[in-house]
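Written out below as structure tokens is the structure these notes cover.
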Amino acid sequence: MLKRRTLLAAAGVALGALAAVPAAAQETVKVGLILPMTGPFASTGRQVSAGAKTFLEMKGDTVAGKKIELIIRDDAGVADQTRRIAQELVVNEGVKLLAGGGLTPLAMAVAPVATQAKVPMIVTSAGTASITKASPFITRTSGTLPQYSLPVGTWAAENGIKKVVTLVSDYGPGIDAEKWFSKEFKGKGGEIIEAVRVPLANPDFAPFLQRVRDAKPDAVFVFLPSGAGALFMKQFADRGLPEAGVKLIATGDVTDDDILNSMGKPALGTITGHFYATAHDSPENKAYVEAFTKANDNMRPNFMSVGGYDSMALIYAALEKTNGDVSGPAFMEAVKGMSWTSPRGPVSIDPETRDIIQNIYMREVKELDGELHNVEFATFKDLKDPEKAEAN
Ligand code: VNL
């Protein structure tokens, strides 16, 4: 009898202790961030994960009574692994939200998992326009290639460039970039004299650059994924293209802030269009760059890091709106039309396409305090993805 009462009393104490802490505060929401942390695109994984962690450091790890736990996994840039890891995280780890998608094939690999499990996937990096159509549970905090290639076409046509050769990586984002730069440039009177596509893996630009020298266009327009620009810039300079009077215009992926400073003088004067530059002048970006560089041994945050940071910003804003409800349909409803101020400037999620609406900046590579930077000189405000706008 005594024993039983003691047990009950003990149980009462335990329950009381539990009740003293708000129940919701004890709930953890696991977010699976799958990235290429190794392999040829490891810089993307390093930047995105550091950006996401910087958000948690700046804003704390709790939102709407939930503790956010980031689970970072390496897919080494291999799509089969991305899919397997996504499945494993959802089924065995109880992950409620997925993020990542370092390259288009990796983002696409997660789409069936997101759809089947009704688990939202926030694409932090990949830029092929069609990705958000692959699942109703996909949204995106990077941008689309059509969105940031088109303004480069506008700028080129309006700045005395008449003949262009295009060079892109031969997969989704490259094909989008080629299409939307060319469409805009030709629409405004420009001429594309050659369109070249190079393999994503181990491209050699030398034969192409020789041909460009002979063709003598006013400019070359280039898209290469983050990290691949360094080799291109070196070969561009080695082949004497600048001396031959060929201007380099590109998407900002080529003059990626992660590697720009190591490109040296040949990069100076390159004109690019993109959604983020480390040198972007705003109080939000100043705070971001400061927190990021401090936590990452002075590494410079590039646009990939901001995709990671904003994936967390979007999760926080959505969970505030749903009062902590992480179920897929509720989360996706909350995401639509969400707006916030990113280190890159004002952004929102297009309620129709779930893609990001954002400013695209024209920039020139210049020296700033002894370092190379993408320096913004013009803004195309609040651009939607033109690929989907065209289809609608
Ligand atoms: C993609 C687009 C990848 C832009 C990138 O770097 C990039 C992609 C890895 O969609 O695969 O800068």
Side-chain angles (χ1 to χ4, degrees), residues 33-51 74-79 82 99-111 121-134 138-150 152 167-181 197-203 221-233 250-260 270 272-278 301-308 310-311 344 355-356 358 360 363 374 385 387:
L33 181 57
I34 312 170
L35 294 164
M37 302 300 295
T38 54
F41 297 100
S43 68
T44 292
R46 190 177 70 231
Q47 286 274 351
V48 173
S49 57
D74 177 19
D75 62 18
V78 179
T82 320
L103 288 97
T104 290
L106 312 180
M108 292 304 266
V110 178
M121 158 70 169
I122 301 149
V123 174
T124 58
S125 310
T128 304
S130 60
I131 290 171
T132 40
K133 290 204 238 165
I138 291 184
T139 181
R140 169 153 48 194
T141 54
S142 46
T144 79
L145 266 300
Q147 181 183 47
Y148 60 83
S149 301
L150 185 153
V152 185
L167 169 80
V168 300
S169 286
D170 190 7
Y171 77 119
I175 290 158
D176 275 1
E178 180 194 280
K179 174 181 167 187
W180 285 91
F181 168 82
R197 297 176 182 179
V198 294
L200 175 61
N202 308 312
F221 167 78
V222 181
F223 163 78
L224 298 168
S226 178
L231 175 67
F232 177 82
M233 197 62 85
T251 66
D253 310 80
V254 176
T255 57
D256 178 350
D257 278 302
D258 191 61
I259 50 174
L260 177 60
T270 306
T272 61
H274 215 260
F275 60 78
Y276 178 73
T278 315
N302 72 357
F303 64 92
M304 291 294 186
S305 80
V306 173
D310 278 329
S311 69
R344 74 186 92 176
D355 251 318
I356 191 163
Q358 59 188 341
I360 298 303
R363 310 96 50 89
N374 292 296
D385 172 42
E387 178 90 19

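Counting from 1, the numbers follow the sequence of the chain as shown. Counting starts at 1 for both ligands and their atoms, following the listed order.
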Look only at interatomic distance and state if T104 has a nitrogen or oxygen under 3.5 Å from any nitrogen or oxygen of ligand 1. yes

Looking only at protein heavy atoms, identify the closest one to atom 12 (O) of ligand 1 and say how far it is in Å. D253 OD2, 2.6 Å

Quick one: which ligand 1 atoms are inside 4.0 Å of a heavy atom on F303? 12 (O)

Counting non-hydrogen protein atoms only, what is the nearest one to atom 3 (C) of ligand 1? Give residue, atom name and distance. Y171 OH, 3.5 Å

Nearest 0.5 Å, please: how far is CG in L145 from CD in E387? 10.5 Å

Looking at G127, which atoms of ligand 1 are within less than 4.0 Å of one of its heavy atoms? 2 (C), 8 (C), 10 (O)

Where's the contact between A126 and ligand 1, heavy-atom distance under 4.0 Å: side chain, backbone, both or neither? both

Taking only heavy atoms of P225, which atoms of ligand 1 are found under 4.0 Å from at least one of them? 3 (C), 5 (C), 6 (O), 7 (C), 9 (C), 12 (O)

Hey, which atoms in ligand 1 end up nearer than 4.0 Å to a heavy atom of F223? 2 (C), 4 (C)

Hey, does L103 come in under 3.5 Å of ligand 1, counting only N/O atoms on both sides? no

Do the non-hydrogen side-chain atoms of T132 and D385 ever get within less than 4.5 Å of each other? no

For L224 and V198: C-alpha separation, side-chain torsions, deciding distance, then whether side chain to side chain contact (heavy atoms under 4.5 Å, CB included) applies. CA-CA 9 Å; L224 298 168; V198 294; 4.2 Å; yes

Which heavy atom of R363 sits nearest to which heavy atom of G273, and what is that distance? NE-C, 4.2 Å

Which of the ligand 1 atoms, numbered from 1, are nearer than 4.0 Å to a heavy atom of M304: 5 (C), 6 (O), 7 (C), 9 (C), 12 (O)

Can you tell me if G102 contacts ligand 1 (heavy atom of the residue under 4.0 Å from the ligand)? yes

Where does the angle between the aromatic ring planes of F275 and Y148 fall among parallel (under 30°), tilted (30 to 60°) and perpendicular (over 60°)? perpendicular

Below 3.5 Å, N or O to N or O, backbone or side chain included: is there any such pair between S226 and ligand 1? yes

Could you go step by step and tell me if M304 and D258 meet the side chain to side chain contact (heavy atoms under 4.5 Å, CB included) rule? CA-CA 9 Å; M304 291 294 186; D258 191 61; over 6 Å; no

About how many Å separate OG of S311 and CG of L33, when rounded to the nearest 0.5 Å? 6.5 Å

Got S149 and D176 here, is their nearest side-chain heavy-atom distance under 4.5 Å? no

For T44, the ligand 1 atoms whose distance to one of its heavy atoms is below 4.0 Å: 9 (C)

Carefully, step by step, assess D257 and T278 under the rule side-chain hydrogen bond (donor to acceptor under 3.5 Å, both in side chains). CA-CA 7 Å; D257 278 302; T278 315; 3.1 Å; yes

